Amino acid sequence: MARVVVDVMPKPEILDVQGQAVTRALGRIGVAGVAEVRQGKHFELDVDDSVDDETLHRIAGELLANPVIEDWVVRRTSETVQP
């Protein structure tokens, strides 16, 4: 069984309200030097070796992300998961 990571981020042209809130909060807690924060989602899937990359991209594009406003990256890790 393999571990697959899917990172979902808002497209660059999409306003990221939560990211902006974090950026403003950094100033309030005294952290300087961070110009921008973009917030996304991180998923970890433990999958059988039989699940191919096409299926993983389908899962990401149809279930985990909104393809109208979000981009995603699917990557297999070197981590092996015990069933």
Side-chain angles (χ1 to χ4, degrees):
M1 190 164 278
R3 173 140 308 149
V4 174
V5 172
V6 179
D7 289 313
V8 178
M9 293 296 294
K11 290 183 176 182
E13 65 271 20
I14 299 298
L15 178 65
D16 180 1
V17 176
Q18 289 181 305
Q20 289 179 343
V22 172
T23 303
R24 287 191 301 272
L26 288 170
R28 288 194 302 274
I29 65 170
V31 176
V34 179
E36 181 179 359
V37 174
R38 302 282 292 173
Q39 182 173 328
K41 298 178 277 187
H42 176 90
F43 298 91
E44 294 181 354
L45 294 76
D46 297 336
V47 300
D48 291 340
D49 294 335
S50 63
V51 179
D52 62 14
D53 289 347
E54 180 180 343
T55 301
L56 293 170
H57 283 278
R58 181 173 162 235
I59 292 169
E62 293 183 13
L63 183 64
L64 305 178
N66 178 343
V68 175
I69 62 170
E70 296 174 317
D71 293 324
W72 62 90
V73 174
V74 177
R75 62 185 163 85
R76 292 178 185 268
T77 70
S78 59
E79 190 173 344
T80 303
V81 180
Q82 297 300 319

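What you see is a predicted model, and the numbers here were worked out from it, not measured in a lab. Keep in mind that the numbers below use all heavy atoms, side chains included, and drop hydrogens, waters and symmetry copies. Index from 1, following the sequence.
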Looking only at non-hydrogen atoms, find the nearest pair between [X] and [Y] and report the distance.
X: L56; Y: R76; answer: CD1-NH2, 3.5 Å
X: W72; Y: A60; answer: CD1-CB, 3.4 Å
X: A65; Y: V8; answer: CB-CG1, 3.7 Å

Between the side chain of [X] and the main-chain N/O of [Y], is any donor-acceptor distance below 3.5 Å?
X: E70; Y: N66; value: yes
X: R38; Y: K11; value: yes
X: D48; Y: V51; value: no

When clusters are formed from ILVMFWY side-chain contacts under 4.5 Å, directly or step by step, what else is grouped with V68?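 The other cluster members (ILVMFWY side chains, heavy atoms under 4.5 Å, direct or chained) are I14, I69.
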Linked hydrophobic residues, L26 as query - side chain contacts closer than 4.5 Å: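 V22, I29, V31, V34, V37, listed by chain and number.
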Does a side-chain heavy-atom distance below 4.5 Å link [X] with [Y]?
X: E36; Y: D16; answer: no
X: L45; Y: V6; answer: yes
X: P12; Y: D71; answer: yes

Can you hop from V4 to L63 via hydrophobic side chains spaced under 4.5 Å?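 Yes, V4 and L63 fall within the same hydrophobic cluster.
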Cluster check L64, V47: I/L/V/M/F/W/Y, side chain < 4.5 angstrom: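 Linked within one cluster.
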Identify, with sequence neighbours excluded, every residue that meets side-chain hydrogen bond (donor to acceptor under 3.5 Å, both in side chains) alongside Q39.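 Q39 satisfies side-chain hydrogen bond (donor to acceptor under 3.5 Å, both in side chains) with Q18 only.
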Rounded distance (nearest 0.5 Å) linking atom CG of D53 with atom CZ of R75: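 The CG atom of D53 sits 13.5 Å away from the CZ atom of R75.
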